[in-house]
Protein chains: 2
Amino acid sequence: MPKPPPRRWRRRKEARPDEILAAALDVFRDRGFAAARLDDVAARAGVSKGTLYLYFPSKEALFKALVRESVLPNLIRAESVARAHRGGAADLLRELLTSFGMLITNNDRLAAFPKLMMAEAGNFPELARFYLRTVIYRAFRLITAVLKRGVAAGEFAPMNYAATARLAVAPIIFMALWRNSFAAHDRRGPAPRVVVERHVELFLAGLAIGRRSS
Amino acid sequence: MPKPPPRRWRRRKEARPDEILAAALDVFRDRGFAAARLDDVAARAGVSKGTLYLYFPSKEALFKALVRESVLPNLIRAESVARAHRGGAADLLRELLTSFGMLITNNDRLAAFPKLMMAEAGNFPELARFYLRTVIYRAFRLITAVLKRGVAAGEFAPMNYAATARLAVAPIIFMALWRNSFAAHDRRGPAPRVVVERHVELFLAGLAIGRRSS
DNA sequence: TGTTAATAACTGACTGGTCAGTTATTAATG
DNA sequence: CATTAATAACTGACCAGTCAGTTATTAACA
């Protein structure tokens, strides 16, 4: 009796894109954009390399799609939290920074983006401009709005907004980068959560109207 | 009349290593470690690729030599500043962070290291461990010592040292990374110097004994 | 309802190009 | 003229993107 020929693959037009994106994010996270092999992405997605190109025209397009699907929704959620918030600016800022910090220290896949961008911006300027416009400027705008709200309400001392907005996120981004670079070799370091909490505490203390530092 | 055969190259055993290192740092800075071509390094050093291998056994060895020659001396200088300092811990910390910030925002070549390490640590774990041991832990140890000095003197409130040491340098590293990734595409951003100054101000204000933040 | 023609999802071998590291050879120097 | 710094051609491995061919699925028809 002739063996029934095993089914070698299935048509799954709907499910492919998401599976490919998930696989791509994992491989990009582990190896970086340039060093990631599309063969590996395909293998992880359970598909052949040719199939990748049925759904995404290039490696770069794959990356842009990832930013839109994985990063942007979180930023949009943060914007709506800010819009809905009714308490003080310090409270809102604490909430935004803490949840950003938790998100990025608990979620391996999200933590990959800062590393990917920092690492590859130089060699893929188009990707850098895309990320800057789509994510970074938008995040800075959100933070700046909260800072201004706080100054207007007399909660925060007057400040250089652009510089301070960068300082609000810098340590959180730093921890995300750390997680994807040195954390694997660093057994002594403090838990990322602790660093984030300490940052929020220190940052808000510095922002508050009151004693001068020197 | 026979043309005098032009001299095609010179023997310069002493000068080569430094010239090669300088060229390598430039190329690594511009393209990252993995994407840097040794052909480019050689060309920039005015030498052929084979010559590189007379002086350095591998691309990785080239990088380690760079860390030892370019990064370490600055760290060692900072340690001796700290040892010699006779004023308060806040003063010393301000001085260390400011000069670190100035160094890294004014010196293109030094600013390259954080980017290189963050970008390549995943794919070159041996390099990551080397940098962690040789540079990062040593820098954390220095900052921690200053923080402890400040707490002992009653200048700073008690704290989690490991977390706070990371927060002291995080924004400065962040600016170095920014400089090598997004700065080229970012016309609006504040001057790095301003961000560093603002960080030092904010950080020291947060550290000081006094009002609680909430 | 079983057979077959048409379609489109999917495969994987291949191409063209890149680059770290090697080696046979050449030329500067003492 | 022996030594060795330096060259440049070479090798082998790697990988993004392509495309001719294969197979699952659907639709038309008997």
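Per chain, numbering begins at 1; letters A, B, ... match sequence-line order.
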Q. What residues form a salt bridge (charged side-chain N to carboxylate O under 4.0 Å, His left out) with D18(A), not counting sequence neighbours?
A. none
Q.
Could you work out, with salt bridge (charged side-chain N to carboxylate O under 4.0 Å, His left out) as the rule, every residue matching E197(A), not counting sequence neighbours?
A. R193(A)
Q) Atom CG of L52(B) and atom C1' of dT22(C): how far apart are they, to the nearest Å? A) 14 Å
Q: If a pair satisfies side-chain hydrogen bond (donor to acceptor under 3.5 Å, both in side chains) and one of its residues is in residues 169-178 of chain A, list it, with sequence neighbours excluded.
A: W178(A)-D186(A)
Dump the pairs, protein N or O against N or O of nucleotides 2-5 of chain D, anything under 3.5 Å, distances to one decimal.
unit_1	atom_1	unit_2	atom_2	d
dT4(D)	O2	R11(B)	NH2	2.3
dA5(D)	O4'	R11(B)	NE	3.4

Q | T51(A) side chain near dC10(C) phosphate (N/O to OP1/OP2, under 4.0 Å) | A | no
Q. With R16(A), which residues qualify under salt bridge (charged side-chain N to carboxylate O under 4.0 Å, His left out), at least two apart?
A. E19(A)
**Q.** Qualifying residues under side chain to side chain donor-acceptor pair (under 3.5 Å), relative to T164(B), sequence neighbours excluded
**A.** R198(A)
Q: Round to a whole Å and report the spacing from CZ of F56(A) to P of dG17(D).
A: 14 Å
Q: At under 4.0 Å between heavy atoms, which parts of nucleotides 16-21 of chain C does protein reach? Answer with one letter per nucleotide, 5' to 3': B base, S sugar-phosphate only, - none.
A: ---SBB
Quiz: residues 121-128 of chain B side-chain donor-acceptor pairs under 3.5 angstrom, not counting sequence neighbours:
unit_1	atom_1	unit_2	atom_2	d
N123(B)	ND2	R31(A)	O	2.6
E126(B)	OE2	K64(B)	NZ	3.1

Would you mind writing out the side-chain donor-acceptor pairs for residues 76-83 of chain B within the sub-3.5 Å range, not counting sequence neighbours?
unit_1	atom_1	unit_2	atom_2	d
R77(B)	NH1	N74(B)	OD1	3.1
E79(B)	OE1	R138(B)	NE	3.4
E79(B)	OE1	R138(B)	NH2	2.9
E79(B)	OE2	R138(B)	NE	2.7
S80(B)	OG	R77(B)	O	2.9

Q) So F113(A) and F63(A), would you call those rings parallel, tilted or perpendicular, with 30° and 60° as cut-offs? A) tilted
Q. Which of residues 17-28 of chain B have a heavy atom under 4.0 Å from DNA chain C?
A. none
Q) Considering residues at least two apart in sequence or located in another chain, which fulfil the salt bridge (charged side-chain N to carboxylate O under 4.0 Å, His left out) criterion with D26(B)? A) R29(B), R44(B), R109(B)
Q: Report the residues that fulfil side chain to side chain contact (heavy atoms under 4.5 Å, CB included) with A90(B), sequence neighbours left out, ordered by chain and then residue number.
A: E155(B), F156(B), L204(B)
